[in-house]
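Down below is the structure, laid out as structure tokens.
Index from 1, following the sequence. In listed order, ligands and their atoms are each counted from 1.
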Amino acid sequence: MRVHVADHPLISHKLSVLRDARTDSPTFRRLTEELVTLLAYEATREVSVETVEVTTPLTTTQGVRLTSPGPLVVPILRAGLGMLEGMQRLLPTAEVGFLGMIRNEETFVAETYAERLPDRLDGRQCYVLDPMLATGGTLAMAIDFLVERGAREITAITLLSAPEGIERLERDTAHIDAPVTLFSAGLDERLDENGYIVPGLGDAGDRLYGIVD
Ligand SMILES: O=P(O)(O)OC[C@H]1O[C@H](OP(=O)(O)OP(=O)(O)O)[C@H](O)[C@@H]1O
Ligand SMILES: O=c1cc[nH]c(=O)[nH]1
Ligand SMILES: [Mg+2]
């Protein structure tokens with residue numbers, strides 16, 4: 001697995017505001033979108049394109065367009081939904097599939113409660129969105145799901161990643177044929193005893209959408 005951690009002052013600045021416990025939900029949602037758009041620029045560097053002829057007002061020239069079938073964007077509900085708009089800003093024509101997953105807060109085992117994806121993903125590049133890579137259980141399960149359906153290449157985009165989660169993903173994806181790449185806005189120190197990323201930003205889903213239980 002290739003791992004890229006962003007190194008850009010604007011990303012660090014936005015991430016610092018996101019971490020701040022006083023940042024309210026509307027601001028948190030806006031900053032999440034902005035951060036994803038910045039990350040998506042790098043994360044789509046290898047998006048598949050093909051050559052096309054373009055007629056300008058002066059002449060014809062060679063341009064490129066996204067190949068078909070195009071990339072599939074997969075936000076992991078709930079918190080990943082907050083990243084969708086920022087991704088669509090750069091990839092407006094991409095199809096979107098959904099995975100609803102929740103981590104059991106005692107065992108840290110992820111459970112899938114909703115799935116709306118194409119049956120087959122052969123040849124598709126997939127961009128998985130989830131702001132938090134903590135133990136890695138959720139993303140590992142999501143990646144497995146996409147690989148089983150034939151995804152050709154998987155790029156995960158996160159805001160914060162813990163070293164424990166990266167290690168887990170590296171282990172769990174080692175046997176996979178499809179290349180897996182992780183882009184994260186920040187790499188944090190560790191997980192605490194509750195499986196939360198430290199220093200982190202708290203529960204991303206709650207900060208985006210409020211506390212439901
Ligand atoms: O790496 P892991 O240890 O699996 O933890 C990370 C997962 O936990 C959070 O989701 P949560 O289960 O809180 O669901 P939510 O998005 O509905 O809040 C987060 O958005 C990730 O999906
Ligand atoms: O720090 C964490 C860990 C898991 N899920 C979150 O939303 N935050
Ligand atoms: Mg949550």
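- In terms of polar-atom proximity, R103 is counted as a contact of ligand 1, with an N or O under 3.5 Å from an N or O of the ligand.
- Checked against a 3.5 angstrom limit, the closest N/O atoms of I76 and ligand 1 fall outside it.
- Using a 3.5 Å distance cut-off with no hydrogens or angles, the side chains of D24 and T27 do pair a donor with an acceptor.
- Considering backbone and side-chain atoms alike, D130 places an N or O below 3.5 Å from some N or O of ligand 1.
- A distance-only check finds no donor-acceptor pair linking the side chain of E34 to the backbone of K14 [under 3.5 Å].
- In this structure, of L99, T138, V109, the residue bringing a heavy atom nearest to atom 7 (C) of ligand 1 is T138.
- Inspection of the T158 and S184 side chains reveals an N or O donor paired with an N or O acceptor under 3.5 Å.
- Taking 4.0 Å as the cut-off, G136 counts as a neighbour of ligand 1 on heavy-atom distance.
- Counting heavy atoms only, A79 comes closest to atom 16 (O) of ligand 1 of the residues A79, P75, G205.
- Distance check for atom 9 (C) of ligand 1: every protein heavy atom is found at 4.0 Å or beyond.
- Geometrically, ligand 1 and R78 share a nitrogen or oxygen pair separated by less than 3.5 Å.
- Of the possible polar contacts, one joining the R207 side chain to the L18 backbone as a donor-acceptor pair under 3.5 Å is found.
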Which atom pairs, nitrogen or oxygen on both sides, join ligand 2 and the protein at under 3.5 angstrom?
unit_1: ligand 2; atom_1: 1 (O); unit_2: I197; atom_2: N; d: 2.8
unit_1: ligand 2; atom_1: 7 (O); unit_2: A204; atom_2: N; d: 2.8
unit_1: ligand 2; atom_1: 8 (N); unit_2: G202; atom_2: O; d: 2.8

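- The list of side chain to side chain donor-acceptor pair (under 3.5 Å) pairs with a residue in residues 192-202, not counting sequence neighbours, reads Y196-D203.
- In D203, the part holding a heavy atom less than 4.0 Å from any atom of ligand 1 is the side chain.
- At least one N/O/S atom of D203, whether from backbone or side chain, sits less than 2.8 Å from the Mg ion (ligand 3).
- Here the protein heavy atom with the shortest distance to atom 3 (O) of ligand 1 is T135 OG1, 2.6 Å.
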